[in-house]
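Report on the structure given below.
Here, residue 1 is the first one in the sequence, and each next residue gets the next number. Just so you know, these numbers use all the heavy atoms, side chains as well, and skip hydrogens, waters and symmetry mates. This one's a predicted model, so the numbers in the text were calculated from it and none came from an experiment.
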Amino acid sequence: MTAALESQQEKLCNVFGESVIESGIRFDELTLTLNADSWLASAKTLRDYADFKFDQLIDLCGLDYSEYSGGVGGTRYAVVYHLLSLDHNKRVRVKVFAADDDLPMLPSMIDIWPAANWFEREAFDLFGIVFTGHPDLRRILTDYG
């Protein structure tokens, strides 16, 4: 399994080049940290590129690195995407850090993976991460009062 993951890691890093901040394999899972500026284009490539075809968004969650030293360049907020390719039976975890801690923003992935809708609303509600282009970004779990 590790050889297949290493091959997939190499292929992804070659395609995304300088957009890859870091990549690694732990516990038989591949994680890529990608640049927020190129995230929208990278997501389309992950979905559409024939060698990847990550057509399913399994999960999306917000992370707050204020108490953890794992942030990139001292940034506080990140969003983690768990993707599945049904065609290739492969998974990848993608981490994207928001550039601004005071107003964390990332592009919405609804047009790429419609399942992102409620997950993005949850990350907005619980972490204050704004997903630009989201058609209905409002609280989903907590009350406005």
>> What I'd like to find out is whether the side chain of Ile112 reaches to under 4.5 Å of the side chain of Met109, using heavy atoms alone.
In response: yes

> About how many Å separate CZ of Arg93 and CG of Asp59, when rounded to the nearest 0.5 Å?
Replying inline: 10.0 Å

>> Tell me whether Ser85 contacts the main-chain N or O of Lys53 through its side chain, where contact means a donor paired with an acceptor under 3.5 Å.
In response: yes

> Between Leu84 and Phe54, is a side chain to side chain contact (heavy atoms under 4.5 Å, CB included) present by the stated rule, with each step listed?
Replying inline: CA-CA 5 Å; Leu84 171 66; Phe54 289 104; 5.6 Å; no

> What are the two closest heavy atoms between Leu106 and Ala98, and how far apart are they?
Replying inline: CD2-CA, 4.3 Å

> Are Asp125 and Arg139 close enough for a salt bridge, meaning some N to O gap below 4.0 Å?
Replying inline: yes

> From Leu12 CG over to Ser7 OG, what is the distance, rounded to the nearest 0.5 angstrom?
Replying inline: 9.5 Å

>> Treating Thr45 as the side-chain partner and Ala41 as the backbone partner, does any N or O pair qualify as donor plus acceptor under 3.5 Å?
In response: yes

>> Could you walk me through whether Phe131 and Val79 satisfy the side chain to side chain contact (heavy atoms under 4.5 Å, CB included) test, starting with their C-alpha distance in whole Å, then the side-chain angles of each, then the deciding distance to 0.1 Å, before giving a yes or no?
In response: CA-CA 10 Å; Phe131 294 90; Val79 176; 3.9 Å; yes

>> Check whether Arg47 reaches the backbone of Asp55 with its side chain - one donor and one acceptor, N or O, closer than 3.5 Å.
In response: no

> How about Val96 and Tyr81: do any of their side-chain heavy atoms sit closer than 4.5 Å?
Replying inline: yes

> Would a line drawn from the ring center of Trp39 to the ring center of Phe97 be shorter than 6.0 Å?
Replying inline: no

>> Under a 3.5 Å distance rule, please check whether Ser42 uses its side chain to pair with a backbone N or O of Ser38 as donor and acceptor.
In response: yes

> Minimum heavy-atom separation for Leu40 to Ser108, with atom names?
Replying inline: CD1-O, 4.3 Å

>> Distance check, rounded to the nearest 0.5 Å: His82 atom NE2 versus Cys61 atom SG?
In response: 5.0 Å

> Shortest non-hydrogen contact from Gly62 to Ile129?
Replying inline: CA-CD1, 4.1 Å

>> To check you understand the geometry: which heavy-atom pair defines the closest contact between Ala78 and Tyr65, and what is its length?
In response: CB-CE1, 3.8 Å

> Take atom CG in Asp111; do more than 12 heavy atoms of anything else shown fall under 6.0 Å from it?
Replying inline: no

>> Just so I know, are the side chains of Glu29 and Arg91 near enough to count as touching, which here means a heavy-atom distance under 4.5 Å?
In response: no

> Leu60 versus Glu120: any side-chain heavy-atom pair under 4.5 Å?
Replying inline: yes

>> As a quick check of understanding, evaluate side chain to side chain contact (heavy atoms under 4.5 Å, CB included) for Leu126 and Leu141, giving each step before the final call.
In response: CA-CA 8 Å; Leu126 298 177; Leu141 298 171; 3.8 Å; yes

> Got a second to check how far Cys13's SG is from Glu6's CD, nearest 0.5 Å?
Replying inline: 11.5 Å

>> Please report the interatomic distance CG(Asp87) to CD(Gln56), rounded to the nearest 0.5 Å.
In response: 10.0 Å

>> Can you tell me how far apart CZ (Phe16) and NZ (Lys11) are? Round to the nearest 0.5 Å.
In response: 12.0 Å

> Are side-chain heavy atoms of Phe52 and Val15 found at a separation under 4.5 Å?
Replying inline: yes

>> Within the 4.5 Å heavy-atom criterion, are Ile25 and Gln9 side-chain neighbours or not?
In response: yes

> Sub-3.5 Å donor-acceptor pair from the side chain of His134 to the main-chain atoms of Arg121, do we have one?
Replying inline: no

>> Does Ile58 form a side chain to side chain contact (heavy atoms under 4.5 Å, CB included) with Leu83? I'd like the steps, not just the answer.
In response: CA-CA 6 Å; Ile58 301 299; Leu83 306 175; over 6 Å; no

>> Contact between Val80 and Leu63 at the side-chain level, heavy atoms closer than 4.5 Å - yes or no?
In response: yes

> Mind checking whether Ile110 and Phe127 sit in one hydrophobic cluster, side chains of I, L, V, M, F, W, Y counted as touching below 4.5 Å?
Replying inline: no

> Taking it one step at a time, do Asp51 and His88 satisfy side-chain hydrogen bond (donor to acceptor under 3.5 Å, both in side chains)?
Replying inline: CA-CA 8 Å; Asp51 287 347; His88 301 294; 5.7 Å; no

>> I'd like to check Thr33 versus Val20 (side-chain heavy atoms, cut-off strictly below 4.5 Å). Are they in contact?
In response: no

> Take atom CG in Asp136; do more than 12 heavy atoms of anything else shown fall under 6.0 Å from it?
Replying inline: yes

>> Quick check against the 3.5 Å criterion: does Thr75 have a side-chain atom that pairs as donor or acceptor with the backbone of Tyr77?
In response: no

> Does one side chain, of Asp64 or Ser66, offer a donor that lies under 3.5 Å from an acceptor on the other?
Replying inline: yes

